[in-house]
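So you know, we letter chains A, B, ... as the sequences are listed, proteins then strands, and number each from 1. What you see below is based on every heavy atom in this structure, not just the backbone, and it leaves out hydrogens, waters and symmetry mates. Since this is a predicted model, take the numbers as computed values, not measurements.
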Amino acid sequence: MFEPLPNNPSFPALEGKVLSRWKEGDVYEKSLQNRKDAERFVFYEGPPTANGMPHPGHCLTRSIKDLFPRYKTMQGFLCERKAGWDTHGLPVEVEVCKELGIHSKEEIEEYGVEPFIHRCQESVWRYMQEWEALTERLGFWANLDEAYVTYHQSYVESVWWSLKNLFDRGLLYRGHKIVWWWAQGGTALSAGEVGQGYREVADPSVFVEFPLRDQQEESLLIWTTTPWTLPSNQFAAVHVDLTYARVRDGETGRVLIVAESLVEKLAAQFKRELTVESTCSGSELLGLRYDPPFDYFYKNLGDNTGELIKGGKQVHQWRVVAADFVTTDSGTGLVHMAPAFGEADYDVLVAEQERFQEGEGPQLICAVGPDGKFTEVAGPYAGRWVKEADKDISRELRERGRLVLLDQYLHDYPFCWRADDDPLIQYPRESWFIRTTEFREDMLANNQQINWLPGHIKDGRFGNFLDSNVDWALSRERFWGTPLPVWVCSETGRMEAIGSYQELLDKAGLDGVQVWEKAKAENPELSDHLKVHKPYIDALTYASPFAEAGRMERVSEVIDCWYDSGAMPFAQWGYPHSHAEQFKQQFPADFISEALDQTRGWFYSQLAISTMLFGEHGAEQEAGAEYPHPYRNCIVLGLMLGEDGRKMSKSKRNYREPNEIFDKYGADALRWYFFANQAPWTPIRYKEQSIKESIPEFLLRLWNVFSFFTIYANIDGFAPEELLSGDAGELSADDLATASSYREVAERGELDRWVLSELHRTIEDVVSRMDHYDNYGAALALNEFVDALSNWYVRRSRDRFWAAEKQNAEKLDAYWTLYECLVTLAKAIAPFVPFLSDYMWQTLAGVFGERVPESVHLCNYPAVVNKLKDEELSVRMATLREIASLGRSARMNEKLKVRQPLQKVEVVLGDETYKPWLESHDALLREELNVKQIEYVTEADQYIDYLIQPNFKRLGPRVGKLIPQVKAVLAEANGAELLAQFDADGVVTIEVGGEPVILDNEDIQVRLQAKDGWAAAQGKNSVVVLNTELTEELIREGYARDLIRMIQDRRKELDCDFTDRISVALETDSLVLKETLAQHGDVVAAETLADNLVIGSLNAECVARNIAEADVQLYVAVNSSLE
RNA sequence: GCUCUUUUAGCUUAAUUGGUUAAAGCGUUGGUCUUAUGAGCCAAAGAUUGGGAGUUCAAGUCUCCCAGAGAGCACCA
């Protein structure tokens, strides 16, 4: 006996039961154990950060990340799923700062680096429980107990090893560059991080005059959106090929120099008359000296000169120089250059420096400190945050008459990705870089081999990103991160990189270990992993191998946390210091998946590091791994949008919490919604309503079939566990075939053969799609099968299940067929909806006890049984279903209810291929349409017109431009006659534009068109015509069915069990109803399990009904249950 | 500015890869079937396939231009 199912399933409750069974039975562990010697399917988990709450987007990634490993495991692969946590970096530090109510780097230092680090380490696990709960609740199977953690010593040491490798190969270098600088945080950010923080803001837009030194009434006019950079101005740049104009300002009478082509535009913008006085080329302006807007540096350095390499002297700065990047797209055609705050500006300075003899050139001018505030040199602005000083600078310039226009300018500007109120500034800084640009070609080659889904990522977004690769700004002047493992000699400045903690301990003259030991002694709770972190690691110094008196001291920086996650393919194993074997077995990954925002995050960091270490030009001993690595297939998920179609955001609260969804609808519902609603890379609109709607369509429909089966199997005592002895395997077709009463499928009825064929066709389709990472297509195929199973197979088999004779072979066939469908389906849907599938398995297969696997997730994915597939039957049945549908449609048009039997329908087929089959299998159709007779007619001219159209695909290439005429000729011709001609000769010749065109059968397509005046419905391939004539006999039969329906409804109202026997009586004046009862009473009684059915009354509640346009008093009493 | 994606019924999506009545689901309305069903079935209403041009016998599909949306890159002097 199958465990009876609840009437109204609560999926969340059911999932809870399944979860606890998984836990108690160690099912996940067993699923791996089962495959311990199998070929591997390698999955990498992109580590999330656990110091923020998980949200619906994480549910999507985790669902996809679970689906394919489950599928591959069932397909026979060993797929370990090592979880991981990203624990370093700004996100963590920022969280801790918020907690402490501090913000700037100085404040952290005041608070103390040591306690700060401790708090960071604790904070990392803040939402751990929520993450683990979500992971489990969603059914994401992963090895959480052995998760890799980026701050753990072994992980850090792996990262060190890789950095040492790069350092030793000259790929890790310290450089002076203009970097994007987070002033409040006191650190540079990488291109990737900067890119995440762009936001549209309105900045000031100022036009400023730089008066010519020797011509004070004339000015260079420049434009900037960063007035705060003006005090650090060093040059004005022009393009030598542009034409410039001297224009008279109608308002001030002064002369401005601007690009000629911009005069009109500027005049309009300034709302002033600008009269061109003369023009000259850019090259003529070169060398002109001007007064910078502020004299903080000018007053001392204004006349400084230096010796040029080519001979002669030149003034250092505040003169016009040439630069190619100057355009007239915006501004004035003259550009203010503050080399401290722009990469292009800086390049100009370097180029200028190179014109001078060594040490003779201009030096960088910078009026701003690393804290983003003006330094002492900037007079009244000293100590002020630059962005905040913009206004006053503009005001001062206006007062001094240097400002032509102050406006607003709307543009995107980067902010710190983790402190989004802090705008970044460009700033000159010494920083560590990885020479990724040297590997650009290698990375591109590697990328070409990756199977990206969707495909356009490869040459689109990701390829473009690689194309514009810049060296990776690796270092962070921060605290909580992997320390940069470079030690510098205090005497010579020479450096070396360290690859492990032990390597340090082995250094001669090591000192500083006591700092850690002391801290640990004072606080034994301290995690040992902290010893490789700041500040403890900074304390370690050793004797310099480069100078006798020298000490080796670590540089102060930590590294970009994106490097941590990118090192995950080897660092998760502590490679090469430990687990080298695991690394080799699990490299590269077969499958990874994250959202689109990881293109320059994890997708890039992994690819870059792997290419540099293991690629064609990687380190010698490791090099040469075949591309692609470290991942072969990558599903790039679309961004998830909130209920309103906008970006999901905590502050807008435009989404439901995952837990709310789990509690209301369950994890399967959410998963199925993700898998079956759209290709995973399209942006997903996360709406509660849509999740809700995905339930009835699939889960509930499946549940109903499942429930139907258990109800009837229990009633009839269908017990497969008794019919099948010995080991039951995994209840595959072969296993079931050994059961008694299980008939060879070939011997069963059409419907059984059909549904099993559909089942195996579906599985074949699903496997092929899943092997190509197409979960959407696979889910659609499964959905379609469940629909067919529920709405055609079960519906049309109902009579067999309801038949009284329990050992009837056809009835048993129905049970075996449906049972086989359900257990196979449970396996097929297991990776998608792991809970419901396992619940089905436990119920359906559970009756076998130990003789079958305890969980569906320990089974193999169902194999396609080719001999059960019958493509032809599939097409035939589809035709049959279409005819049934047309029949119903025709009935509706005539307002002939399905319960009213009809004598005959005639079916006209456009294509008669299946006519013989249809004729011999029309019982099903007769019943479905409730007619006595079905006739397939060939000569149907009276009912229909034949519309003949050319087969465009075939004829198009042949007749080309004549096609419209061919179409017209065929349309005008008598279709029936043409067809007759085809039948007779096989070809037909028509005259088109004076030329004969010979057409054969395949050159045309026939459409049927029902003629007016018939109760007919037409489809693509057939027309169904009803015989609407009703006899008394037919009408009485219809009433009998009405009576059955009326009594069944009453049974339902009375909450009868399926097997309850009843007594029925009814009172009516209707003669025809009385006749009906006399004639069909037996059938009515049998159908409704009535022991007696009489005209009259009963000792039971009386209800009023209306049948056959007559009033009826109905009495129904329950007798007893059938034993 | 450049690149990628995208635009089809009120909403969500389809259209055999260029083949001729643009198809479903949800929702709405009406009808119907059913002792598994919250399901199903039948139908009505709902479309100038974002706009425009071009190529072609034939364009939702290919090309170009324009517009909207989303994202990325760069710049923002």
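Considering A/Arg888, A/Arg881, A/Arg798 in turn, A/Arg888 is the only one that fulfils the salt bridge (Lys or Arg N to Asp or Glu O under 4.0 Å) rule with A/Glu928.
Minimum interatomic distance between A/Val1024 and A/Ala890 (heavy atoms only, all atoms of both residues): O-CB, 4.4 Å.
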| Given A/Ser232 and A/Thr229, is the side chain to side chain donor-acceptor pair (under 3.5 Å) satisfied, shown in steps? | CA-CA 5 Å; A/Ser232 308; A/Thr229 60; over 6 Å; no
| query | How far apart are the C-alpha atoms of A/Arg899 and A/Ile1044, what are their side-chain angles, what is the distance that settles it, and do they pass the side chain to side chain contact (heavy atoms under 4.5 Å, CB included) test? | reply | CA-CA 10 Å; A/Arg899 252 180 256 139; A/Ile1044 292 170; over 6 Å; no
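Remark: the separation of the C1' atoms in B/C57 and B/G70 is 39 Å, to the nearest Å. A distance of about 33 Å separates the C1' atoms of B/A24 and B/C65, rounded to the whole Å. If you take atom P in B/U55 and the same atom in B/C64, they sit 15 Å apart, rounded to whole Å. To the nearest whole angstrom, the two C1' atoms, one in B/A14 and one in B/C66, are 28 Å apart. Taking atom P in both B/G72 and B/C11, the straight-line distance is 26 Å, to the nearest Å. The same atom, P, is picked in B/G51 and in B/G25; the two are 25 Å apart, to the nearest Å. Look at the C1' atom in both B/U35 and B/G31: the space between them is 22 Å, to the nearest Å. B/A9 and B/A22: their P atoms are spaced 14 Å apart (whole Å).
Between A/Asp1060 and A/Arg1051, none of the side-chain N atoms (NZ, or NE/NH1/NH2) sits under 4.0 Å from a carboxylate O, so this pair counts as no salt bridge. Using a 4.0 Å cut-off between charged side-chain N and carboxylate O, A/Glu927 and A/Arg796 make a salt bridge.
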| said: Can you build the contact string for nucleotides 30-40 of chain B? Use B for base contact, S for sugar-phosphate-only contact, and - for no protein heavy atom under 4.0 Å. | reply: -BSSBBBBBSS
| Contact letters for nucleotides 3-19 of chain B, in which S counts primed atoms plus P, OP1 and OP2 and B counts the base, heavy atoms under 4.0 Å | SBS------SS---S-B
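The glycosidic torsion of B/U17 lies within 90° of 0, which places this base in the syn conformation.
Residue-level contact check: A/Gln949 touches the backbone only, with heavy atoms under 4.0 Å from sugar-phosphate atoms and none from bases. A/Thr229 comes within 4.0 angstrom of no nucleic acid atom, judged by non-hydrogen atoms across all strands.
Across the protein-nucleic acid pair, A/Lys961 atom NZ and B/U20 atom P stand 21 Å apart, rounded to whole Å. Summarising the geometry, the separation between CG on A/Asp345 and P on B/C75 is reported as 12 Å, rounded to the nearest angstrom. Taking atom CG of A/Leu424 as the reference point, atom C1' of B/C76 lies 14 Å away to the nearest angstrom. When rounded to the nearest whole Å, the span between CH2 of A/Trp681 and C1' of B/G70 equals 18 Å. Straight-line distance from the CG atom of A/Leu962 to the C1' atom of B/A58: 14 Å, rounded to whole Å.
Using cut-offs of 30° and 60° for the angle between ring planes, the A/Phe603 and A/Trp452 rings count as perpendicular. Relative orientation of the A/Tyr819 and A/Phe2 rings is tilted, given thresholds of 30° and 60° on the angle between their planes.
Base-pairing analysis of RNA chain B finds the following stems of at least three consecutive Watson-Crick or G-U pairs, with both pairing distances under 3.5 Å: B:1-7 with B:67-73, B:10-13 with B:23-26, B:28-32 with B:40-44, B:50-54 with B:62-66.
With hydrogens and angles ignored, the 3.5 Å screen pairs a side-chain donor or acceptor of A/Asn714 with a backbone N or O of A/Thr710. No side-chain donor-acceptor contact under 3.5 Å links A/Tyr604 to the backbone of A/Phe462.
Contact of the A/Asp345 side chain with the A/Val335 side chain is not registered, since no non-hydrogen atoms from C-beta on lie closer than 4.5 Å.
At most 12 non-hydrogen atoms from other residues, nucleotides or ligands lie less than 6.0 angstrom from CD of A/Glu784.
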